[in-house]
Amino acid sequence: MIMHVKREGTVLRSNKLKPAAVVTVVAAAWLLSTAGPAAAAATTPGAVCGSGYKVINSKDLGPAVIYLTYNSSNGYNCVTTILDSSTGAAMWMGASIQKSGGSEIKDFGGYTKFAGPVYVSAANTCVKWGGGVQDVVWKSGWEHCG
């Protein structure tokens, strides 16, 4: 089973907002405007891949780090490539994973904070994992076979 996460915005379907909705929108805008660099730096492998995923390996590419994570409760691996600091401008990044005997699952494109997550069910199976940022691409050999 392959899981894919889409990044989508919220679309308001009406041009008339109720007073409670206006207060909520204003409060959310204020919170976002007061969130400093610490909030922006909160992108972590666990936040990207989801609850229960623990880092089992990583590869530093300079401006970004590729993380291989594993969730022992469901047997899935997850890979994400996360920028060390976001400039707000989109740059080419990617994340990929492949289990032994399977096809490569990848997410490459223009992103501002991270690429991925990409998932594969790989309990007791070897995986190749990797990613890239700007002009640097890296991929592991077959590993984490147990």
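Residues I105 and Q98 fail the side-chain proximity criterion, which asks for heavy atoms closer than 4.5 Å. Between D107 and T80 the shortest side-chain heavy-atom distance does not fall below 4.5 Å. The side-chain heavy atoms of V65 and T81, taken from C-beta on, include no pair separated by under 4.5 Å.
Residues that satisfy the side chain to side chain donor-acceptor pair (under 3.5 Å) test with S72, not counting sequence neighbours, are absent from this structure. Checked against side-chain contact (heavy atoms from CB on, under 4.5 Å), T112 has the following partners two or more places apart in sequence or in another chain: S86, A90. For K139, the side chain to side chain donor-acceptor pair (under 3.5 Å) criterion is met by E104, not counting sequence neighbours. Under the ring pair (Phe, Tyr, Trp, His ring centres under 6.0 Å) criterion, W138 pairs with W129, not counting sequence neighbours. Evaluation of the ring pair (Phe, Tyr, Trp, His ring centres under 6.0 Å) rule for F108 yields W92 as partners, not counting sequence neighbours.
Counting only distance, with no hydrogens or angles, the side chain of T125 and the backbone of A123 share a donor-acceptor pair below 3.5 Å.
Here disulfide bond (SG atoms under 2.5 Å apart) pairs that include residues 61-94, with residues two or more places apart or in two chains, are C49-C78. Residue pairs meeting the salt bridge (charged side-chain N to carboxylate O under 4.0 Å, His left out) criterion with at least one partner in residues 92-102, sequence neighbours excluded, do not occur; the list is empty. Residue pairs that meet the side chain to side chain donor-acceptor pair (under 3.5 Å) test with at least one member in residues 59-70, sequence neighbours left out, do not exist here. Every pair passing disulfide bond (SG atoms under 2.5 Å apart) that includes a residue from residues 112-146 is listed here, sequence neighbours excluded: C126-C145.
Grouped by direct or indirect side-chain proximity (heavy atoms under 4.5 Å, Ile/Leu/Val/Met/Phe/Trp/Tyr only), W142 sits alone.
Interatomic distance, CD1 of I82 versus NZ of K113, reported as 11.0 Å (0.5 Å rounding). Taken to the nearest 0.5 Å, the CD1 atom of I97 stands 5.5 Å off from the CG atom of L68. Note that OG1 of T43 and CG of D84 are 11.0 Å apart. Values are rounded to the nearest 0.5 Å. Remark: H144 NE2 to N124 CG distance equals 14.5 Å, nearest 0.5 Å. Atom OH of Y111 is separated from atom CE of M91 by 14.0 Å, given to the nearest 0.5 angstrom. To the nearest 0.5 Å, the span separating CG on N71 from OG on S51 amounts to 7.5 Å.
Of all the heavy atoms in P63 and Q134, the pair that sits closest is CG-OE1, 3.7 Å.
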